[in-house]
Amino acid sequence: MTMIHNQWQALPQLLTEFSKLTEAFIQSSNSRPVAGQDIAPPDLTLTESGIEFESLIEVFSKQVVPNLSTSTGPRYWGFVTGGATPIATFADWLVSTYDQNVSKGDGSIATNIERQAIRWLTELFDLPASFDGLFTTGATAANYLGAVIARQFAGHQQGINVAEDGAFGLEIDVFCATPHASMIKALGLAGLGRNQITRVATQVGNEATDIAALASALAKSNAKGKVVIASAATVTGTNFDDLIQIRNLCDKHQAWLHVDAAFGIFERLVAGSEGRTKGLELADSITLDAHKWLNVPYDCGIFLTRHLHYLVESCDVPAPYLVTSKADPDFFSMGIENSRRFRALPVWMSLLAYGKDGIRQWVSKNIAQTKQLADWFADSPDYDLVYYGELNVVLFKPSGKDDAATTALLHAINTDGRIFVSPGKWQGQKVIRAALSNWQTEQVDLDIAKSALTELARAL
Ligand SMILES: *Cc1c(COP(=O)(O)O)cnc(C)c1O
């Protein structure tokens, strides 16, 4: 071990290296290949005495950095990937500097900053003040909390405190049409059984819940507890469920309504609370992601509910040294972890720095850009526009070609390195899926994408 490893006198040197690496990465984010190489790690061994800082930086910058993806860049259109804005990135650096444990709130303002960020998010999305919640690692963890809280609620309906006494004898039916894969995982983790989910039909031609089918599935169920999982929006078609009608059905059947709104909630910034997320405010619990369209660094999701007490019952930590008398429950009694990083800070700083309108601007820009691409695919002799759900995702395939050609083209696009896209499936056929959620995507990026796409389709 060398001096620098255990002396803060080395701070200037650490900051210098940090600046160099950071500047090099960010300034090359337009010129680097969008996707890195999925290669084996450097051929290094773990040593007894450690290596010099200079060697560490050398091996990291030469052997690791060139093979990282540029998912922060303007042409990474895979999955639903946000970039990270300058302010959010800056805030995230500081999270490590301050290294707060945001769980109990003693001795630090950080806990109250997280509470303030949650409150501002409900304001940003025009949700009632009755929603409360916490930051999670992502939408998967938030969906897991959604499954857990729904289970606790269903238990209460039949005289069982699941958190205290277990799920023995619990009757629960879960209904959903097009759940995100992470929701299915979450239901499995919560002991509700991936194979026990009742899959409700979708509307013809898109992924939204068929309301009549949901009504009849709910009516057929004899379970004492019922849970409906709705989407705003689905991850492939960006289809929005009719949350008003679903809420009415849930009321009729005393069912819990969890809405996975991971990225679809951002539609509220452009369309308001009367747009396609109308009724979201009536959900019992909501999942959203900040590392997608809010453009903060990984990992950052949010779980919101109007019934916090069920969450606290589920997540309560019964340790005497943790007992508090505060009115607000502690974060370790609301989520999975006892120890939690200052994940709220990048969101808190972003909301302050960009304001509602700053965020709205990149959301509406991305929607317009995706529409432009959809129109381009529709007109292109090389491509078929398969589906555009009027948000930030477009589905396309090489014109008149089969699934194998679509897969081959997807591979060619991602290897080329000018843009990065994901595979998808739409109404039984393979498609290529571009999702635009990055604050810094501009017209020039669309132009680069169009030339790459034309070239690669013709070379197929
Ligand atoms: C991305 C996504 C998830 C999973 O989110 P992670 O943040 O990756 O855990 C869940 N639901 C929807 C609708 C999503 O788009």
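Ligands are counted one by one from 1 in listed order, and the atoms in each one are counted from 1 as well.
For atom 5 (O) of ligand 1, the nearest non-hydrogen atom of the protein is Ala139 CB, 3.0 Å. Looking at atom 11 (N) of ligand 1, its nearest protein heavy atom turns out to be Asp260 OD2, 2.6 Å. Distance from atom 9 (O) of ligand 1 to its nearest protein heavy atom, with residue and atom name: Thr140 OG1, 2.5 Å. If you check which protein heavy atom lies closest to atom 14 (C) of ligand 1, you get Lys292 NZ, 2.7 Å.
Set against the non-hydrogen atoms of Phe263, the atoms of ligand 1 under 4.0 Å away are 15 (O). Listed by number with element, the atoms of ligand 1 under 4.0 Å from a non-hydrogen atom of Asp289 are 1 (C), 5 (O), 6 (P), 7 (O). Close approach of ligand 1 to Val235 is summarised as follows: ligand atoms under 4.0 Å from at least one heavy atom of the residue are 15 (O).
In this structure, Ser182 has a heavy atom closer than 4.0 Å to ligand 1.
For the pair Glu274 and Arg268, the salt-bridge criterion is not met [side-chain N within less than 4.0 Å of a carboxylate O]. Using a 4.0 Å cut-off between charged nitrogen and carboxylate oxygen, Asp284 and Arg247 count as a salt-bridge pair. Using a cutoff of 4.0 Å between basic side-chain nitrogens and carboxylate oxygens, Arg343 and Asp299 are scored as salt-bridged. Using a 4.0 Å cut-off between charged nitrogen and carboxylate oxygen, Arg276 and Glu390 do not count as a salt-bridge pair. Of the charged side-chain nitrogens involved, at least one lies within less than 4.0 Å of a carboxylate oxygen, so that Asp445 and Arg75 count as a salt-bridged pair. Salt-bridge check for Glu123 with Lys356: failed, with every basic side-chain N at 4.0 Å or more from each acidic carboxylate O.
Under 4.0 Å from ligand 1, not a single heavy atom of Phe79 appears.
The aromatic rings of Tyr310 and His307 are tilted relative to each other, their planes meeting at an angle between 30° and 60°.
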